[in-house]
Novice: 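Below is a structure I'd like to ask you about.
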Amino acid sequence: MSLGTLITVAPTGAEHAKADVPQLPVTLEELVKTAQSCEQVGAAMIHVHIRGEDTKPSLDLGLLKATVEALRSETNLVVQLSTGGSVHDPEENRLRVLEAMPDSASCTMGTVNFGDDVFLNRWEFIVSLHKGMQERGIVPEYEIFDIGQLASLKRLLDQHGLPAGGHVHVDFVMGVPGGMPGDAATLVAAVNALPDGATFSATGIGRTTLPVMFTALGAGGHLRVGMEDTVSYSRGVPVRDNAQLVARAAGLSKIAQRPALTPDEARKLLGVHI
């Protein structure tokens, strides 16, 4: 069990529309301000989806590079780019994300029904992401939407070796319609199926946020929070901003006697080159 808690903020995502959620950070200026405020209250890593000028999800390489540069310049956070984009992005655009050279990037370990859509992750694509990160020294975070995807992770490691940084860290994304439920029993089962030596974060979508958070802390895991995953702070109460969600996670981590890790402590945990 870690003596501290890695808190990742996922501030934007690809699902919510700015028109529906005005407080959602979508411009580079908004994203940097969000990152700074979240770092101040306990975040150590930021999981980034970018938006274009039309506020819609984008994988524009120039904007990705500018985002990585700005976040490194204005914060000390570990910068993680999503390679998931939106469910409609082609594989070649998702692979090109690595050219922005973030500290970390996501690697989703299988295809999953995503509400009414399908989030496609073919085996060949997963291998290409894994190898691309090995070659560039980018530390992956393996996203797990269903327990069976842990078998794919073990297959990947057996066939293609350890990731850049030498440490395996996963994020359990729970409560997505079509994926594993966000409850204590499922999270415990998933933790028991982890590869030896791996660490984990957990994300509860929507109303599963708190059950997943409490269980993850009790099981020695880490936390991802943010407006990508929920726009409600409590029943009938909208989230004010991402820092509000990070502050709650940091407060609960302190109560659990596993206070929030600093960004440099997170780098050491994940194997990110300092």
Side-chain angles (χ1 to χ4, degrees), residues 1-10 42-45 47 78 80 84 104 106-112 119 121 126 130 139-158 162-163 165-226 228-230 245-246 248-261 265-266 268-272:
M1 179 179 291
S2 172
L3 296 178
T5 303
L6 164 64
I7 299 177
T8 301
V9 61
M45 181 158 71
H47 172 82
V78 179
Q80 180 187 95
S104 175
S106 61
C107 181
T108 304
M109 289 307 305
T111 296
V112 63
F119 183 24
N121 294 281
I126 293 169
H130 180 77
V139 173
E141 181 176 73
Y142 300 102
E143 287 189 330
I144 305 295
F145 284 81
D146 223 335
I147 291 179
Q149 293 177 2
L150 288 168
S152 295
L153 174 57
K154 291 178 180 178
R155 175 188 176 199
L156 181 72
L157 299 172
D158 287 344
L162 288 171
H167 177 69
V168 177
H169 184 78
V170 311
D171 180 39
F172 295 120
V173 183
M174 310 183 73
V176 172
M180 59 184 164
D183 57 38
T186 302
L187 181 52
V188 170
V191 171
N192 287 336
L194 281 169
D196 291 342
T199 54
F200 77 93
S201 294
T203 306
I205 303 299
R207 68 186 62 183
T208 71
T209 296
L210 288 175
V212 168
M213 190 182 302
F214 289 133
T215 307
L217 286 171
H222 305 275
L223 306 176
R224 186 181 103 176
V225 297
E228 172 174 347
D229 304 317
T230 183
L245 296 172
V246 173
R248 177 169 65 180
L252 292 174
S253 298
K254 186 176 181 179
I255 289 171
Q257 298 187 41
R258 296 184 50 222
L261 296 177
E265 289 170 334
K268 184 176 180 180
L269 170 73
L270 299 171
V272 172

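For the single chain, residues carry numbers from 1 onward in sequence order.
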Novice: Are V139 and P163 side-chain neighbours, meaning at least one heavy-atom pair lies under 4.5 Å?
Specialist: no

Novice: Between D146 and Q149 (side chain of the first, backbone of the second, donor and acceptor by atom type, cut-off under 3.5 Å), is there such a pair?
Specialist: no

Novice: Heavy atoms only: give me the nearest G204-T209 pair and the separation to one decimal.
Specialist: O-OG1, 2.9 Å

Novice: Checking the side chain of N192 only, and the main-chain atoms of V188 only, is there a donor and an acceptor separated by less than 3.5 Å?
Specialist: yes

Novice: Does this structure show an ion pair linking R224 with E143, if we count only N-O contacts that are shorter than 4.0 Å?
Specialist: yes

Novice: Return the minimal non-hydrogen interatomic distance between A189 and I147, and the atom names on each side.
Specialist: CB-CD1, 3.9 Å

Novice: State, to 0.1 Å, how close V212 and M174 come at their nearest heavy-atom pair, and which atoms those are.
Specialist: CG2-SD, 4.0 Å

Novice: Flag the pair P259 / S253 as yes when at least one side-chain heavy-atom distance between them is below 4.5 Å, and no otherwise.
Specialist: no

Novice: Are the side chain of T111 and the backbone of N121 linked by a donor-acceptor contact shorter than 3.5 Å?
Specialist: yes

Novice: Looking just at side-chain N and O atoms, do H47 and S106 make a donor-acceptor pair shorter than 3.5 Å?
Specialist: no

Novice: Return yes if a side-chain donor-acceptor contact under 3.5 Å exists between S201 and D171, otherwise no.
Specialist: no

Novice: Side chain to side chain contact (heavy atoms under 4.5 Å, CB included) with D229: which of V176, T203, T208?
Specialist: T203

Novice: Determine whether a donor-acceptor pair (N or O, by modelled atom type, separation under 3.5 Å) exists between the side chain of T5 and the backbone of A260.
Specialist: no

Novice: Of the non-hydrogen atoms in A44 and L6, which two are nearest, and what is the gap between them?
Specialist: CB-CD1, 3.9 Å

Novice: Could you grab the distance from atom CG of L270 to atom CG of L261, nearest 0.5 Å is fine?
Specialist: 9.0 Å

Novice: Shortest non-hydrogen contact from M180 to T186?
Specialist: CB-CG2, 3.9 Å

Novice: Please verify the inter-ring angle class for F119 with F145; under 30° counts as parallel, over 60° as perpendicular, anything in between as tilted.
Specialist: perpendicular

Novice: Measuring from atom CD of Q80 to atom NE2 of H169, what distance do you get when rounded to the nearest 0.5 angstrom?
Specialist: 8.0 Å

Novice: Tell me which one of I126, V170, L153 satisfies side chain to side chain contact (heavy atoms under 4.5 Å, CB included) with C107.
Specialist: I126

Novice: So, do F172 and T215 sit near enough that their side-chain heavy atoms are less than 4.5 Å apart?
Specialist: no

Novice: For the CG atom of L217 and the CZ atom of R258, what is their distance to the nearest 0.5 Å?
Specialist: 6.0 Å

Novice: Does T230 use its side chain to pair, donor to acceptor, with the backbone of I205 at less than 3.5 Å?
Specialist: no

Novice: Side-chain contact test, heavy atoms from C-beta onward, threshold under 4.5 Å: evaluate it for I7 versus V246 and give yes or no.
Specialist: yes

Novice: For a quick test of reading the model, state the closest non-hydrogen atom pair linking A249 to V225 and the distance between them.
Specialist: CB-CG1, 4.1 Å

Novice: About how many Å separate CG of L223 and CG of L252, when rounded to the nearest 0.5 Å?
Specialist: 8.0 Å

